[in-house]
Amino acid sequence: MPKAVKTQKSVPPRTVTELLSERSLSEILSSRQTEEIVIGVCGPLGSGADRVAKLFKEKLEHVYRYTTDYIKLSGVIAQCYASLTNNKKLLTEINSYPEARRIEKLQDLGNELRSIFGNDILSQFSVEHIAVNRQEHLKKLKKPKEELISRRFATIIDSLKHPDEYALLSRVYGKMFYLVGVLCPEQTREGRLTKKPRGLSKEDAVRLIERDRGEAVEYGQQLLKTIQHSDFFVSNVTENVEQIPNTVNRFLDLMFNKKIHTPTVHEYAMHAAHSAAMRSGCMSRQVGAAIVNECGDIIATGRNDVPRCGGGLYTEGALGIDSRCLREAGGKQCRSDLFKRDILDKISEIIKKHMQTRGEICVGEIDSLFNRIQSMPELRGLIEFSRSVHAEMDAITTIARNGYSSLKNATLYCTTFPCHHCARHIVAAGIKKVYYVEPYEKSLAISLHDDSMVTDVQDDESVAGNGLPPKVKILPFEGVAPKQFINLFAVSDRKKDGSLAQPDVQLAKPVVEKFMDTYKEYEEKVTIYLREKLSSTTLPKK
């Protein structure tokens, strides 16, 4: 038996009955759960992300009795740059600019800070701000600065624009950090930016929206690559004063188990699509899809993977040989990459022969030209040579293979925006709507099928084709993200004394637990608890 921890001799022995009346070790450890939360908000320019952020702040203060702090990252950019350049008037100068120039100036400064100090610099400032705030809180309580105590405190960060900003906050705060993605069609956002009080020209609005979506430079704004990590998606497409607060209320209800909510059809179907994606063995990416009929029933799921003879796809543990790329030759090579490399080699040979015929053999020039061609996204993004059936196609062919009902007017949920290959099948099958989470920049779906497909419309908006039925709508997903599905909908203790439990929301802790101590500190707590119990307890003789 391990060496006992020394205890005070003055502690009188306690009986088993006395011990049973006290809190269990599990309850003692659970008391170390923090109530503190950090909520990041991410939304494209003109989406009203600040409105959503302030609604979270308001609800947390008035309903859940949280003390809150609000960090506006555009303000952090100006303050940081003013400090580094010793220009105390910078913020005043920027705010005096015309709106389009003011936005662009902040975008420029944000890019410059990321290029110099790293892509997560704004999150670093946010973390420092939260840490300083906590130290001041401990000082007021006259507690040591090293002591960790729970405080009913929420920090709202508005707005994240780069995936590295999300990554840092997620790693530092773990389960106490939530990212909220705010969605809004581009046409609506353009209208908001061109109307007063902002009053941008249409040209400026379009240009700034495009830049906000995703810049070519690695340290630039990467909104699309950030928002896909959201734990909850909010659609802000209307000025209805009730819709957005109700959506925010629902998320907070789930976060604190205030009120029982069950998944919407959207959430259930997207979770099924996400689960299907986990079955994919594709070396490039995992994509999942689910098809829902007009009654809201899931009639098929699909994933991107290699088809097998006899129907269906290869899968783990099935009878027969698994001939997916990850199993062949130890998964060393994707066949799609092999074909693309072969094409590039042929292009290289053509360039060399052309230069030789002209008598202009310059290895450096050939290499430079070849590297420019090789880096073309159109070539690197070729999907024609993949062995995998795409997730949307797998779901559609599953219905055909099993003889299910018609796909006309069905809805497809996909973890990723559909590619142009799948788009033609979606249109031909009669599917009326597609919901997605992750953007897919390589897709030419709308470019090739703008006569039959449309984005940037509201869910209930109908856009007719060329003398044909309404176009297929491709819409961003709204609701609880698949990664939080189990955490927020797996509710325990719904009933108390035969009635629905009514938790005190002013005391409720987040249902996704985050504890203040490390596993090493918990080991020490358990060991001390055990030794104190053993050394202070007398058992009756048998």
Side-chain angles (χ1 to χ4, degrees), residues 38-54 57 68-136 155-169 172 182 189-190 192-201 203-223 225-227:
V38 178
I39 297 177
V41 179
C42 174
L45 185 64
S47 66
D50 56 344
R51 178 187 177 197
V52 173
K54 289 171 183 175
K57 183 178 187 298
T68 66
D69 192 14
Y70 184 82
I71 301 175
K72 183 76 172 176
L73 290 187
S74 60
V76 172
I77 291 172
Q79 291 170 5
C80 174
Y81 209 88
S83 175
L84 290 170
T85 58
N86 197 28
N87 183 358
K88 297 179 181 179
K89 297 181 179 180
L90 179 63
L91 187 57
T92 304
E93 291 174 3
I94 292 175
N95 288 334
S96 68
Y97 293 161
E99 184 66 0
R101 189 183 173 198
R102 186 190 71 83
I103 294 171
E104 193 163 32
K105 182 66 174 178
L106 288 170
Q107 290 176 332
D108 290 340
L109 295 181
N111 284 3
E112 188 169 350
L113 289 173
R114 281 189 287 264
S115 69
I116 297 171
F117 299 104
N119 294 331
D120 57 5
I121 180 61
L122 299 181
S123 286
Q124 292 180 41
F125 276 112
S126 299
V127 170
E128 180 190 44
H129 180 91
I130 294 169
V132 169
N133 185 293
R134 189 181 298 107
Q135 293 301 320
E136 290 175 351
T155 304
I156 316 295
I157 304 175
D158 172 27
S159 308
L160 277 64
K161 294 290 186 179
H162 198 285
D164 287 357
E165 295 170 352
Y166 158 79
L168 179 65
L169 292 168
V172 172
V182 183
R189 290 187 280 119
E190 183 184 313
R192 289 175 180 170
L193 291 173
T194 53
K195 292 177 183 177
K196 291 184 178 181
R198 289 190 146 174
L200 275 66
S201 69
E203 293 74 19
D204 283 339
V206 171
R207 176 173 52 82
L208 293 172
I209 284 173
E210 183 63 28
R211 181 179 182 182
D212 179 72
R213 180 185 292 116
E215 297 182 276
V217 291
E218 193 272 336
Y219 52 80
Q221 297 193 148
Q222 305 290 340
L223 185 279
K225 293 181 180 180
T226 309
I227 201 169

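We use all heavy atoms of the structure for the numbers below, so side chains are in, but hydrogens, waters and symmetry mates are not. Note that the structure is a prediction, hence the values are computed from the model and not measured.
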| At what distance, to the nearest 0.5 angstrom, does CG of D212 lie from OG of S47? | 8.0 Å
| remark: Tightest non-hydrogen contact, residues R114 and Y219, listed as NE-O, 2.7 Å
| message | Using side-chain heavy atoms (C-beta onward) and a distance below 4.5 Å, is I157 in contact with L169? | response | yes
| query | Looking at CD1 of I156 and NZ of K54, how far apart are the two atoms once the value is rounded to the nearest 0.5 Å? | reply | 12.5 Å
| remark: Checking S159, S123, S126 against L73 for side-chain contact (heavy atoms from CB on, under 4.5 Å), the one that qualifies is S126
| task | Considering only NZ, NE, NH1 and NH2 on the basic side and carboxylate oxygens on the acidic side, decide whether R101 and E104 come within less than 4.0 Å. | result | no
| said: Please determine whether a side-chain nitrogen of the Lys or Arg among E99 and R102 lies less than 4.0 Å from a carboxylate oxygen of the Asp or Glu. | reply: yes
| query | How far apart are the C-alpha atoms of R211 and D108, what are their side-chain angles, what is the distance that settles it, and do they pass the salt bridge (Lys or Arg N to Asp or Glu O under 4.0 Å) test? | reply | CA-CA 11 Å; R211 181 179 182 182; D108 290 340; 2.7 Å; yes
| Yes or no on side chain to side chain contact (heavy atoms under 4.5 Å, CB included) for R51 and V182, after CA distance, side-chain angles and deciding distance? | CA-CA 10 Å; R51 178 187 177 197; V182 183; over 6 Å; no
| Spacing of OG belonging to S74 relative to CG belonging to L91, to within rounding of 0.5 Å | 9.0 Å
| Is any side-chain heavy atom of C80 less than 4.5 Å from a side-chain heavy atom of F125? | yes
| task | Indicate yes or no for a side-chain donor-acceptor contact from R189 to the backbone of G46 under 3.5 Å, with no hydrogens or angles considered. | result | no
| Any T226 side-chain heavy atom under 4.5 Å of E165 side chain | no
| request: Could you tell me which non-hydrogen atom of F117 sits nearest to which non-hydrogen atom of L84, and how far apart they are? | output: CE1-CD1, 3.7 Å
| Test item: P44 and I209 side chains (from C-beta on) under 4.5 Å apart, heavy atoms | no
| message | Do S201 and D204 pair up side chain to side chain, a donor and an acceptor below 3.5 Å, judged on atom types alone? | response | yes
| note | Of all heavy-atom pairs linking I77 and G110, the shortest is CG2-N, 3.7 Å
| request: Could you grab the distance from atom CG of D164 to atom CD of Q124, nearest 0.5 Å is fine? | output: 10.5 Å
| field | Closest non-hydrogen atom pair, L90 against A82 | value | CD2-N, 3.6 Å
| query | Heavy atoms, side chains only, cut-off 4.5 Å: are I94 and L109 in contact? | reply | yes
| Name the one of K161, Q222, E218 that satisfies side chain to side chain donor-acceptor pair (under 3.5 Å) with N119? | E218
| request: Measure the CD1-CG distance between I103 and L45 for me, rounded to the nearest 0.5 Å. | output: 5.0 Å
| Atom NE2 of H162 and atom CG of L223: how far apart are they, to the nearest 0.5 Å? | 11.5 Å
| Heavy atoms, side chains only, cut-off 4.5 Å: are Y81 and E112 in contact? | yes
| query | Is the count of non-hydrogen atoms from other residues, nucleotides or ligands lying under 6.0 Å from K105 atom NZ greater than 12? | reply | no
